[in-house]
Structures are given as C-alpha cells and as structure tokens.
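Just so it is clear, the structure is predicted and the values come from calculations on it, not from any experiment. What you see below is based on every heavy atom in this structure, not just the backbone, and it leaves out hydrogens, waters and symmetry mates. Residues: numbered from 1 along the sequence shown.
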Amino acid sequence: MKRILFLLTATVLIITLTACGSPPALKSDFSAMFSTQCGDLDYAGALNKSGDHLTITMKEPYTIAGMVFDYSDSGLSIKNGGHRTIADSDYLPDSSVPAALHNALLYLPQASYSGSPNGRDSYTVTTPYGDAEMTATDGYPTEITEPHSGLSFRFTAPSDPTEE
C-alpha cells in the first residue's frame, strides 16, 4: 500500500512540475512592424526575418522612406526606388538603425530564457557587442535593446511568415 501511495504521489508531482512554466518557443522567423528613436528622430519600418535572411523596409523618417535593406548569405543589398546596389554590411555604421536591428536579430536563435516578469517572457540574446535584452509575448519578440548602439526596437503586429 505504501508503494502504491508513493507511486501515486510521485506521478502527481512529476505531472505538476512538467506542466509549469516553460515559455512558448521563441519565433526566430517572423514579420513585424518596428519603431525606435535615434537621437531626435523617430524611425519606423517593417521587417521580415526568415533564417539568416532579413529584409528591413524603412517607413520613417520621410527622408529614407522606401529604402530596403536586404541582408542574406550573399551580403547586403540596398534598394531605393528603381535603384539597387550591393554593399558590404561592415560599411554601415553599427549604430545605424538597419545595422543595429540586424545585429540584434542575427543571434535570435541562440536566445536564452531568463524569466517572465510582468507577464512577458524575457530573453537574453548574446551578440558580439554584449547581451541584448529582449521581451516576447506568445513566442513573438515585442522589444529588443541592441547593446552596442543602445537602440531599443519595439515590434508590433507580429506574424509568422508561413501564415502569410
């Protein structure tokens, strides 16, 4: 009888512990609108991340609206209107909005879970410039702070690229 009671208690304990708080899987591939502030300017745009491929389309400020920064295995392509050029991503200043966003999201698959304060899952993303702090809801990134530039990016209306 003691053995059955012990097994029953152990089973209930194991089920209870495994049901606790593992966060939803972090989406490293997603599409979202983003916004940030750099100096006195507000920047906004759209991004689509799929594997190592990241496309950033700038919406604000108006002086760079429509510019597309397309990072892939083969390098960086910058498009504006009907013009396109291939560029070395190392030539973009690390503190520029596209470079900082790329640097922060490049290491997203290696993010480590660090807790759930305020109902949002928190992660640490280790980059060559230090640890980027990130929050997520339902596995979708909602905010990330890139450590080198100090820029904090907010993401809205996330979606899974496979659903589009």
Side-chain angles (χ1 to χ4, degrees), residues 23-117 120-164:
L26 184 62
K27 310 286 187 201
S28 58
D29 294 345
F30 67 101
S31 296
M33 301 299 291
F34 71 89
S35 62
T36 190
Q37 186 173 25
C38 183
D40 293 337
L41 293 176
D42 291 328
Y43 289 84
L47 70 86
N48 185 351
K49 183 177 180 317
S50 180
D52 289 338
H53 189 194
L54 175 65
T55 302
I56 301 168
T57 304
M58 299 303 300
K59 307 284 185 194
E60 292 179 23
Y62 75 93
T63 53
I64 60 171
M67 287 189 77
V68 178
F69 296 84
D70 193 18
Y71 291 89
S72 67
D73 289 341
S74 60
L76 170 63
S77 169
I78 303 172
K79 302 174 200 168
N80 191 14
H83 304 285
R84 176 178 174 263
T85 188
I86 304 298
D88 185 342
S89 61
D90 291 338
Y91 292 135
L92 281 182
D94 291 330
S95 59
S96 70
V97 170
L101 188 55
H102 176 256
N103 290 340
L105 296 178
L106 183 63
Y107 301 95
L108 201 56
Q110 291 94 21
S112 61
Y113 178 70
S114 55
S116 292
R120 288 187 172 175
D121 297 323
S122 294
Y123 295 85
T124 300
V125 181
T126 302
T127 75
Y129 301 109
D131 290 340
E133 298 303 319
M134 184 182 75
T135 58
T137 302
D138 297 327
Y140 288 100
T142 54
E143 188 168 347
I144 191 166
T145 301
E146 196 276 329
H148 182 65
S149 66
L151 293 175
S152 200
F153 295 93
R154 289 162 303 286
F155 305 111
T156 56
S159 63
D160 188 333
T162 59
E163 296 172 357
E164 294 178 351

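Applying the side-chain contact (heavy atoms from CB on, under 4.5 Å) rule to K59 yields the partners M33, A46, T57; only residues at least two apart in sequence or on another chain are considered. Contacts of A132 classified as side-chain contact (heavy atoms from CB on, under 4.5 Å), with partners at least two apart in sequence or in another chain: V125, T127, I144, P147. Taking D88 as the reference, D90, Y91 meet the side-chain contact (heavy atoms from CB on, under 4.5 Å) condition, with sequence neighbours excluded.
The shortest distance between side-chain heavy atoms of S31 and L47 does not fall below 4.5 Å. Side-chain contact between F69 and L92 is present, with at least one heavy-atom pair separated by less than 4.5 Å. Counting heavy atoms from C-beta outward, E60 and Y43 have side chains that stay 4.5 Å or more apart. Side-chain contact between L108 and L26: present, with at least one pair of heavy atoms (C-beta onward) separated by less than 4.5 Å.
Heavy atoms of other residues, nucleotides or ligands lying less than 6.0 angstrom from CZ of R120 number 12 at most. Sparse packing is recorded around CG of D138, with 12 or fewer heavy atoms of other residues, nucleotides or ligands lying under 6.0 Å away.
Of the inter-residue distances, the one linking H148 atom NE2 with N103 atom CG reads 8.0 Å to the nearest 0.5 angstrom. Here the straight-line distance linking atom CZ of F155 with atom CZ of F34 works out to 8.0 Å at 0.5 Å rounding. Here the CD1-NZ distance, from I86 to K79, works out to 8.5 Å after rounding to the nearest 0.5 Å. The CG atom of L105 sits 6.5 Å away from atom NZ of K49, with the distance rounded to the nearest 0.5 Å. Expressed to the nearest 0.5 Å, how far CG of L106 lies from CD of E146 amounts to 11.0 Å. Of the inter-residue distances, the one linking S89 atom OG with L54 atom CG reads 11.0 Å to the nearest 0.5 angstrom.
In this structure, a donor-acceptor pair under 3.5 Å is present between the side chains of S77 and R84. Side-chain contact, S122 with T135: no donor N or O sits under 3.5 Å from an acceptor N or O. Side chains of Q110 and T126: a donor-acceptor N/O pair is absent below 3.5 angstrom, by distance only. N48 and T55 are not linked by any side-chain donor-acceptor pair at a separation below 3.5 angstrom, with hydrogens and angles left out of the test. For S116 and D121, the side-chain atoms include at least one donor-acceptor pair closer than 3.5 Å. Of the N and O atoms on the side chains of D73 and H53, not one donor lies less than 3.5 Å from an acceptor on the other residue. The closest side-chain donor-acceptor pair between S149 and S95, if any, does not fall under 3.5 angstrom.
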Apply the test side chain to side chain donor-acceptor pair (under 3.5 Å) to residues T124 and D131: give CA-CA distance (whole Å), side-chain angles for both, the deciding distance (0.1 Å), then the verdict.
-> CA-CA 6 Å; T124 300; D131 290 340; 5.6 Å; no
Would you please test V97 and T36 for side chain to side chain contact (heavy atoms under 4.5 Å, CB included) and show each step?
-> CA-CA 8 Å; V97 170; T36 190; 4.2 Å; yes
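None of Y113, Y107, Y140 except one satisfies the ring-ring contact (aromatic ring centres under 6.0 Å, His included) rule with Y123; the exception is Y113.
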